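Notes to accompany the following structure.
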Amino acid sequence: QVQLVESGGGLVQAGGSLRLSCAASGRTFSSATMGWFRQAPGKEREFVASIRWSGGSTLATDSVNGRFTISRDNAKNTVYLQMNSLKPEDTAVYYCAASSSGSTSTQIYAYDYWGQGTQVTVSS
């Protein structure tokens, strides 16, 4: 079993920055892909970014490219999402997820472990 714990959410003004962290514990997979998803009120959960533990290749959705950066610290089993130039439309609950198969899919079904989520609110 894998446990994922997110932290770093909060309230920030538009144009500001936040860094989310996701600490993984329990059974971990060297070939896993770690992802960040978000869900705004009344909307479906959507893919934000992903990174592979091995190799570190990344993927991000177009709406955050150039503003958000995903990274990992293998020694700490932690994944980060650096969010800059935040916009009110970035307001959502952000979830960390793990795909034990190492899938690079952006679809929710490809991820089999999820954190509890952390709230990010961007005021205008």
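Heavy atoms only: backbone and side chains are in, while hydrogens, waters and symmetry mates are out. Here the structure is a predicted model, which means the values were calculated and not measured.
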If you group Ile, Leu, Val, Met, Phe, Trp and Tyr by side-chain heavy-atom gaps below 4.5 Å, do [X] and [Y] land in one group?
{"X": "Leu18", "Y": "Leu4", "answer": "yes"}
{"X": "Ile108", "Y": "Met34", "answer": "no"}
{"X": "Val48", "Y": "Val93", "answer": "no"}

Return the [atom1] to [atom2] distance between [X] and [Y], rounded to the nearest 0.5 Å.
{"X": "Gln119", "Y": "Thr91", "atom1": "CD", "atom2": "OG1", "value": "7.5 Å"}
{"X": "Arg72", "Y": "Thr78", "atom1": "CZ", "atom2": "OG1", "value": "12.0 Å"}
{"X": "Asn77", "Y": "Cys22", "atom1": "CG", "atom2": "SG", "value": "10.0 Å"}
{"X": "Cys96", "Y": "Gln3", "atom1": "SG", "atom2": "CD", "value": "12.0 Å"}
{"X": "Gln1", "Y": "Asp112", "atom1": "CD", "atom2": "CG", "value": "9.5 Å"}

On a heavy-atom basis, which atom in [X] and which in [Y] lie closest, and how many Å separate them?
{"X": "Ser17", "Y": "Gln82", "result": "CB-NE2, 4.0 Å"}
{"X": "Asp73", "Y": "Trp53", "result": "O-CZ3, 4.1 Å"}
{"X": "Ile70", "Y": "Trp36", "result": "CD1-CD1, 3.6 Å"}
{"X": "Ser100", "Y": "Tyr113", "result": "CB-CE1, 4.4 Å"}
{"X": "Val120", "Y": "Gly9", "result": "CG2-CA, 4.2 Å"}
{"X": "Tyr111", "Y": "Ser99", "result": "CD2-N, 3.5 Å"}

- Task: Show the numbers, then the answer: is there a side-chain contact (heavy atoms from CB on, under 4.5 Å) between Met83 and Leu20?
- Result: CA-CA 8 Å; Met83 305 185 295; Leu20 305 183; 3.7 Å; yes
- Item | Note, Thr61 side chain near Thr106 side chain (heavy atom, < 4.5 Å) | no
- Would you call Thr69 and Tyr80 a side-chain contact if the rule is heavy atoms closer than 4.5 Å?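 SC-SC contact between Thr69 and Tyr80 ruled out.
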- Message: I'd like to know if the side chain of Glu6 and the backbone of Gln116 have a donor-acceptor N/O pair within less than 3.5 Å.
- Response: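 Confirmed, Glu6 side chain pairs with Gln116 backbone.
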- Task: For residues 89-109, pull every pair meeting ring-ring contact (aromatic ring centres under 6.0 Å, His included), keeping only residues two or more places apart or in separate chains.
- Result: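 The answer is none; no pair qualifies.
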- Determine, for Phe37 and Arg45, whether the Lys NZ or Arg CZ falls below 6.0 Å from the six-membered ring centre while staying within 45 degrees of the axis.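 Here Arg45 fails the 6.0 Å and 45° test against Phe37.
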- Under the side-chain contact (heavy atoms from CB on, under 4.5 Å) rule, what do Leu86 and Gln13 come out as? Steps first, then yes or no, please. CA-CA 8 Å; Leu86 282 161; Gln13 288 188 334; over 6 Å; no
- Task: Apply side-chain contact (heavy atoms from CB on, under 4.5 Å) to the pair Val64 and Arg38, showing each step before the final yes or no.
- Result: CA-CA 12 Å; Val64 307; Arg38 65 186 181 186; 4.1 Å; yes
- Task: Could you check Ser54 against Ser31 for side-chain contact (heavy atoms from CB on, under 4.5 Å), going step by step and ending with a plain yes or no?
- Result: CA-CA 6 Å; Ser54 176; Ser31 60; 5.8 Å; no
